[in-house]
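Here's the structure we're looking at; comments come further down.
Along the sequence shown, residues are numbered consecutively beginning with 1.
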Amino acid sequence: MTLTELMRNAPIAHKCEASMEFYRVIFAVVTALVVPVGLSWHKKPWYAVPFSTTYASLGLLPLPLGEKAWLTLSAVFMTSVSVSLLCRPWEQFSTNFGWVAYFRAPNTGKRVALVMLLIAGIVYAYIGAGSTFRRLIELSDSNRIFIVLSGCLIAVVGCGNMIAKIVKPLVDEIENSVATGVLESEIREFVSSAAHIGWIERVLLFGFLASGKPEAAALVIAAKSFTRSTVISQGGRLVADYYLVGTLASVASALLVSCATRLALGLPPI
């Protein structure tokens with residue numbers, strides 16, 4: 001590569017590096033805060049707060065951010081402590097530290113937590129608002145990202161009402177059968193949870209199909225059928241028809257939208 005080519009490509013490389021640093025900060029902060037929540041560690045703040053602070057430090061301090069790194073790290077610490085205060089009462093660490101775990105000032109603790117969350121929010125906004133807005137503009141300028149995002153929203157949310165109308169006659173029959181005692185009341189719970197399961201199902205189906213992995217999409221359907229098979233067998237033919245029609249409508253909508261999305265991206269439909 002000639003010197004002229006290196007100079008021409010330097011701004012692009014610098015832009016990519018800056019973008020990677022931005023996303024490293026975002027992922028470091030989110031991971032530091034979300035992982036303790038997922039593990040219910042805020043009931044054990046002596047786990048949650050050190051983990052959040054340590055992980056955020058590993059993600060932020062190696063970057064040339066200067067005072068912004070320390071401000072963000074302080075905000076992460078305050079956020080973790082605040083969530084821990086809001087999650088009291090805590091599990092005891094040991095008999096020697098029981099007075100720490102059961103700090104007797106719930107109202108005061110909540111006020112302190114809310115104030116700290118407010119301060120942390122201001123710090124996040126001060127540091128990240130401008131960069132986040134610029135990155136969102138860059139992402140919105142990407143035709144491919146916008147097409148995929150729109151396709152996912154169409155498949156998951158936009159098709160939901162259509163699927164509900166397709167299965168409505170079967171739902172009405174199931175409701176009548178439950179009301180008359182022909183079917184057990186547990187079937188109603190099976191039907192009411194179908195919409196939320198359908199959202200997750202279409203997210204997975206669209207993701208696999210749009211990325212050209214139809215075999216993985218088939219595994220989603222197989223897993224769903226396996227987990228719901230017991231209730232289907234108890235409900236008889238009516239519930240089986242409802243499950244079959246709903247699943248086929250959900251799969252068909254995700255398939256059609258994913259094919260359209262791939263064609264829009266200049267890829268083969270499957």
Side-chain angles (χ1 to χ4, degrees), residues 27 30-31 34-35 37-39 136 139-140 142-270:
F27 274 81
V30 173
T31 303
V34 169
V35 168
V37 173
L39 294 172
L136 290 175
L139 290 176
S140 65
S142 173
N143 294 331
R144 301 179 69 85
I145 292 176
F146 197 80
I147 289 171
V148 172
L149 176 62
S150 300
C152 185
L153 290 174
I154 293 170
V156 177
V157 182
C159 295
N161 192 38
M162 178 192 68
I163 296 170
K165 289 182 178 180
I166 292 174
V167 299
K168 189 177 186 305
L170 293 170
V171 173
D172 292 339
E173 287 188 42
I174 291 174
E175 289 290 341
N176 292 333
S177 298
V178 172
T180 57
V182 176
L183 293 176
E184 297 180 359
S185 58
E186 287 80 3
I187 301 300
R188 184 178 285 121
E189 298 177 2
F190 173 84
V191 173
S192 63
S193 64
H196 301 92
I197 294 175
W199 293 343
I200 300 172
E201 176 187 31
R202 290 193 294 280
V203 167
L204 294 175
L205 288 174
F206 178 84
F208 288 133
L209 292 171
S211 60
K213 302 293 182 183
E215 62 279 2
L219 290 177
V220 174
I221 305 302
K224 178 186 175 183
S225 300
F226 176 77
T227 56
R228 309 281 272 181
S229 59
T230 303
V231 180
I232 295 172
S233 61
Q234 293 175 352
R237 184 185 180 95
L238 181 59
V239 176
D241 289 345
Y242 163 77
Y243 173 82
L244 180 61
V245 171
T247 299
L248 289 177
S250 184
V251 172
S253 61
L255 177 61
L256 291 174
V257 177
S258 64
C259 288
T261 302
R262 288 179 59 84
L263 289 172
L265 295 174
L267 299 172
I270 298 295

Q. Does any non-hydrogen side-chain atom of Leu255 lie less than 4.5 Å from one of Leu205?
A. no
Q: Evaluate the side-chain proximity of Cys152 to Val148: yes if any heavy-atom separation is below 4.5 Å, no if none is.
A: no
Q: Would you give the length of the straight line joining atom CG of Asp241 to atom CD1 of Ile174, rounded to the nearest 0.5 angstrom?
A: 9.0 Å
Q: Please name the pair of heavy atoms, one in Leu209 and one in Arg262, separated by the smallest distance, quoted to 0.1 Å.
A: O-CD, 3.5 Å
Q | Separation between CZ of Phe190 and CD1 of Ile197, rounded to the nearest 0.5 Å | A | 7.5 Å
(Q) How close do Ile163 and Ser253 get, counting heavy atoms only, and between which atoms? (A) CD1-OG, 3.7 Å
**Q.** Arg188 versus Val178, closest heavy-atom pair with distance
**A.** NH2-CG1, 3.2 Å
Q | Check against side-chain contact (heavy atoms from CB on, under 4.5 Å), Arg202 and Val157 | A | CA-CA 9 Å; Arg202 290 193 294 280; Val157 182; over 6 Å; no
Q: Identify the heavy atoms of Val257 and Gly151 that sit nearest to each other, and give their distance.
A: CG1-O, 3.2 Å
Q | Gap separating the SG atom of Cys259 from the CG atom of Leu267, nearest 0.5 angstrom | A | 11.5 Å
Q. Within the side chain of Ser250, is there an N or O that forms a donor-acceptor pair under 3.5 Å with the backbone of Thr247?
A. no
Q. Less than 4.5 Å apart, any side-chain heavy atom of Tyr243 and any of Ser225?
A. yes
Q. Can you tell me how far CG of Leu149 sits from CG of Leu153, rounded to the nearest 0.5 angstrom?
A. 5.0 Å
Q: Check Ser258 against Ala210 and note the closest heavy-atom contact, atom names and distance.
A: CB-N, 3.9 Å
Q: Please round to the nearest 0.5 Å and tell me the distance separating atom CG of Leu248 and atom CD1 of Ile166.
A: 10.0 Å
Q. CD/Glu175 to OG1/Thr180 distance, rounded to the nearest 0.5 angstrom?
A. 11.0 Å
Q | Check: Tyr242 side chain, Lys168 main-chain N or O, donor-acceptor pair, under 3.5 Å | A | no
**Q.** Side chain proximity check, Phe206 to Thr261, heavy atoms < 4.5 angstrom
**A.** yes
**Q.** Non-hydrogen atoms of Leu238 and Glu173 that approach each other most closely
**A.** CD1-OE1, 3.4 Å
